[in-house]
Amino acid sequence: MELRFKTRTAEVIIDYNKCIAPDCGFACIKACRLYGRNVLKIEGGKPKLAVSPKEAVRLDNECLACEIYCSWYGNSAIEVRVPLEVM
Ligand code: SF4
């Protein structure tokens, strides 16, 4: 089980098999409130999209804070994939 959503230039993947919520204090959601645009919410005890997938593309500021906070306080359950263009 996972949550996948696109942002303007990247893709966010939350692996629910690795997610240890609530033991992490929902660090990714706190990070999104602090540094991002509040696109995550708690639903069913897990982080879920608080907006529609289409809105996430427009709203998300790609701050990467969710991935960093999950690696610090959670279980490295979040990956933000940013495709690199080769010149
Ligand atoms: S910080 Fe990581 S472990 Fe915690 S709720 Fe978010 S995805 Fe799950």
Side-chain angles (χ1 to χ4, degrees):
M1 282 281 289
E2 64 183 20
L3 169 67
R4 265 177 197 259
F5 60 93
K6 292 199 184 296
T7 62
R8 198 169 58 81
T9 66
E11 184 178 30
V12 179
I13 301 149
I14 302 180
D15 184 343
Y16 290 133
N17 294 319
K18 285 188 179 174
C19 178
I20 58 166
D23 293 346
C24 58
F26 293 99
C28 58
I29 293 169
K30 288 177 181 164
C32 194
R33 283 180 188 156
L34 274 173
Y35 304 105
R37 295 270 171 74
N38 221 0
V39 301
L40 295 175
K41 66 175 179 181
I42 302 169
E43 191 179 288
K46 295 290 178 193
K48 300 275 167 60
L49 257 184
V51 297
S52 72
K54 196 176 168 189
E55 282 175 310
V57 173
R58 185 179 62 82
L59 266 183
D60 196 297
N61 66 355
E62 303 181 323
C63 67
L64 310 179
C66 59
E67 182 175 6
I68 294 165
Y69 267 48
C70 188
S71 72
W72 286 349
Y73 306 109
N75 190 34
S76 298
I78 302 183
E79 183 186 351
V80 180
R81 287 190 188 155
V82 183
L84 299 177
E85 284 189 26
V86 179
M87 303 288 282

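Counting starts at 1 for both ligands and their atoms, in listed order.
- Counting non-hydrogen atoms of other residues, nucleotides and ligands closer than 6.0 Å to OH of Tyr35 gives a total of 12 or fewer.
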Exercise for review: Dump the intermediate steps for side chain to side chain contact (heavy atoms under 4.5 Å, CB included) on Arg81 and Arg4, then the final yes or no.
Suggested key: CA-CA 11 Å; Arg81 287 190 188 155; Arg4 265 177 197 259; 4.0 Å; yes
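- Excluding waters, the set of protein N/O/S atoms under 2.8 Å from atom 8 (Fe) of ligand 1 reads Cys19 SG.
- No single ILVMFWY cluster, assembled from side-chain heavy atoms under 4.5 Å apart, contains both Tyr16 and Ile13.
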Show me the side-chain donor-acceptor pairs of residues 47-55 shorter than 3.5 Å, one per line, residues at least two apart or across chains.
| from | atom 1 | to | atom 2 | distance (Å) |
| --- | --- | --- | --- | --- |
| Lys48 | NZ | Glu43 | O | 3.2 |
| Ser52 | OG | Glu55 | N | 3.0 |
| Ser52 | OG | Glu55 | OE1 | 3.3 |
| Glu55 | OE1 | Ser52 | N | 3.0 |

Check your understanding: When you look at Leu40 and Ile14, which way does the side chain to side chain contact (heavy atoms under 4.5 Å, CB included) test go after all the steps?
Key -> CA-CA 11 Å; Leu40 295 175; Ile14 302 180; 4.3 Å; yes
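- In this structure the side chain of Glu62 never reaches within 4.5 angstrom of the side chain of Val80, judged on heavy atoms.
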